[in-house]
Every structure is written in C-alpha cells, then in structure tokens.
**Student:** 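Quick one: the structure is below, and I'll ask about it shortly.
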Amino acid sequence: MKDLYSHIQKQDKEVFSALEGEETREAEGLELIPSENYVSRAVREANGSVLTNKYSEGYPGKRYYGGQQFTDVVETLAVERAKQLFGAKYANVQTLGGANANIAMYFALLQPGDTVLGMDLSHGGHLTHGHPVTYITKIFNFVRYKMKNPETGEIDYEDMRKTAVGVKPKIVLAGFSAYPRELNYEKFVSIAREVGAYAVMDIAHIAGLIAGEAVKNPFDYGFDVMTSTTHKTLRGPRGGLILTRDSEEIAKKIDKMVFPGLQGGPHMNNIAAKAVAFGEALNPSFKTYSAQVLKNAKAMEEVFATSGVRMLTGGTSNHLILADVFGSLGIPGKEAEEVLDSVGITLNKNAIADDTRKPMDPSGIRFGTPAITTRGFKEGECKRVAELMIEALKNRTDQAKLSSIHAEIKQLCAKFPIPDSFV
Ligand code: DSN
C-alpha cells in the first residue's frame, strides 16, 4: 500500500490517511452493495495514468487538439472491446457515469416535451428513469410503469401496453437499479414497435452479467440502444457507456450529443481504464465469474427464504436481493444497514414496492454478490454470510454476539483477500 501511494504519503498526509483508511475498510469488510465491485490493479493503473493530462475533445481521428496518437489508441480499443462484449455495432465510451449516459441518450433521441415510459423508482427503476426530483423531468415527460405483483416481480405488461398506446412515448425504457428478476424483453420491444418508440435498456446493474453471458442480451431481442455504467458487475472504473445495436443514425446522434452537446474533454485516463476492464471481461474467466455471481445470489436467497425473511419478487434471478427487513423482522432499513455496517458488512437501505416508510429510512435492504464473488466467494461462503446477516439482525442489541460475528467476517476477509488481477 505504501508503494502505491508513496508520493501522496510524502506530500499530503490528510489524503493519504483517508486512502489508507479506505484500503483497510475494503480489505477487512464485506462489500454487498450490488452496484459496487473491486477493480484490478491494471484498471487502477490505467485510471491513475498520464492520460489524465490530456485534452481530447472529439472522437478518434477527429479531435480538436493535437497530440492524440495515444489517446486515439486507447479510445479505439475501448470502443472495439465494448462492441465485441455486447454485440453492438456502435459504442460511445465517453460519458462520465450512468446518469450522464441516460441524459445524453434522452437528449439525442428526444425533443423537449417528448414522453418516456420508464420503470417507477419505487418498483425498482432508477432516478434518471423519471423521478420528479431530477431536472430532466422538467424537459421530458416521464410516465412510469410498475410491477403487477411485487411478490413475483412480474411487470404489468398489459397495463404498460395500454399506457404506451395512450401516451405515445418516444422511448420505451427497460432497466432498473433494484429489481431482482429478468425482464421480458420481447414484450418491451413489441410495445415499443407498436407505438413507434425506441426500445432502450439501461443495463447498468447487469452489464457484466450480459457480457459474461450469464443472462440474456437485450440486443438479441431487438433493443435499439443500451446505456450502462462500467463499474458495477462489469468490474471497470467508474463511468458510463452507450451502445447502439445497429443504427448509424442513432449512433451519430448519440456521439454528437455526448460531445459537443453535453460534455467537454473526455477523461482519457478513465477511458484507458475502461479499455483494460473490457479486455478483462473478454477473457473467458469473466464468464465463470458472471455465472458464479448468480449462483452466489441464489445461495443467499436460500438462506433468507429458510429464515422466513420476505424478499421482494420472492427471491432473485440476478445478482441482487431486496429484503423486507421491517416487515419480516421489525427492523427499519436504516437500522439494519447500521447494524450490518457495525459487523463489517456494507449494504444499503432501500425502499420496497409501495413502501409506507420514508426513503431515508425505508423498509428494505438491498444487497448482492458482485464484489464478494470477485473476492473468490462461492456458495458456501455466501450462505454463511447470509446466516451471519440474519443472526446480526436478530441479535442487534447483543454486543458480544455482534463482536463475534464481526470477528468471523474479518476472518473470511483475510481468507479471501481482494485479488490484484483476474486474468
Ligand atoms: N447508485 C446506483 C446503485 O446503487 O444502484 C444506481 O445509480
């Protein structure tokens, strides 16, 4: 660690101390936030590289400033690898995050006042899919769909179709940040086609599972565009990605909107890190990783089911679980998050469908397996973690019990250190 931060250590003790603290926190605790992961040293090196010095407005071969012989190499590598991973004809790797990717996609495909049909945040969608707190709702009109039955997770496709026929959206948007099931992609695409809308999927949460072929690829069902982050299951640096299946016209609109429409100089260090991460995801070992993420989530599901804790949609078919800890154990989500944090398990409180509690202290917790699978956990370790979570929650006032659970978590972490490399 000293080597990695030796210059910071000499120059800036305050930042060094925070970095050292985070290194220890990540090493000695379990990361169960389903949108987080651990990147390889190679990805971190690229992200911390000399490319942070460079301005590269434009795209490879068409830049506004000189000196682009190496930035063009890394951006082209990132684009080509992204295309290969997702079966896309076009990729834009310049957006800084998933929210930016969605905003650029909306502005590229819509006119102010146009309508988007997206999933309700309270049923698993995302803020950028049309929550009233976001600025984009002042520009575009968002209409939301929900699950028909939160116990099974089935989306109300018939209601969605009727709504689409009524409001004539320009985009039918699939995708989620807290939904544990696969979507019926045929239905989304057929509704979009019926009303003449673009079919777009925000794959931020499951991008790595798609790339690793552990779940279906929406492009195989005719989606036009997919937006994503690169740092969740895809295990790359923080950032965004926009993929276009085959339309040059759409891809051009997206490129123009990302730059110069909405962003300035791309973060080339980050794009180099994306290229490295996409290279890792193309390695056959990434398929094994993605499949294991799913098996591990199933193993945790089994323990929660046996313990009688209600899981929204009845369980999981992907990397995440949404558990109703307030309904099942009488523990508010915020307290559950704090209790588990105190034993070295990081996850997040989360609203459940039609939650009667407030967003800052909802009924649920959301957790998942991307990061612990990167650590090398298999089903056995995941079951044990799920058991320890439930034990901690049930014994949350017993300090001796919590200390012994924390000690076991630390032992597990020591046995499964965060790897430096995956290839
Ligand atoms: N913050 C991300 C997540 O945790 O799912 C989504 O933006």
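When a ligand or atom number is given, it counts from 1 through the structure's own listing order.
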**Student:** Counting only pairs under 3.5 Å, give me each side-chain donor-acceptor contact of residues 196-214, with atom names and distances, residues two or more places apart or in other chains.
**Tutor:**
residue : atom : partner : partner atom : Å
Asp202  : OD1  : Ala204  : N            : 3.0
Asp202  : OD2  : Asn102  : ND2          : 3.0
Asp202  : OD2  : His129  : NE2          : 2.8
His205  : ND1  : His319  : NE2          : 3.0
His205  : NE2  : Ser177  : O            : 3.3
His205  : NE2  : Arg366  : NH1          : 3.4

**Student:** Return yes if a side-chain donor-acceptor contact under 3.5 Å exists between Lys401 and Ser404, otherwise no.
**Tutor:** no
**Student:** Could you pull out every N or O of ligand 1 that sits under 3.5 Å from a protein N or O, with the distance for each pair?
**Tutor:**
residue  : atom  : partner : partner atom : Å
ligand 1 : 4 (O) : Ser35   : OG           : 2.6
ligand 1 : 4 (O) : Arg366  : NH2          : 2.7
ligand 1 : 5 (O) : His205  : NE2          : 2.6
ligand 1 : 5 (O) : Arg366  : NH1          : 2.9
ligand 1 : 7 (O) : His126  : NE2          : 2.6

**Student:** Roughly how far apart are Glu408 CD and Cys413 SG, rounded to 0.5 Å?
**Tutor:** 11.0 Å
**Student:** Taking the six-membered ring for Trp, are Phe286 and Tyr289 ring centroids under 6.0 Å apart?
**Tutor:** yes
**Student:** Measuring centre to centre across the rings, with the benzene-like ring taken for any Trp, is Phe416 within less than 6.0 Å of Phe377?
**Tutor:** yes
**Student:** Taking the six-membered ring for Trp, is the centroid-to-centroid distance between Phe219 and Phe86 below 6.0 Å?
**Tutor:** no
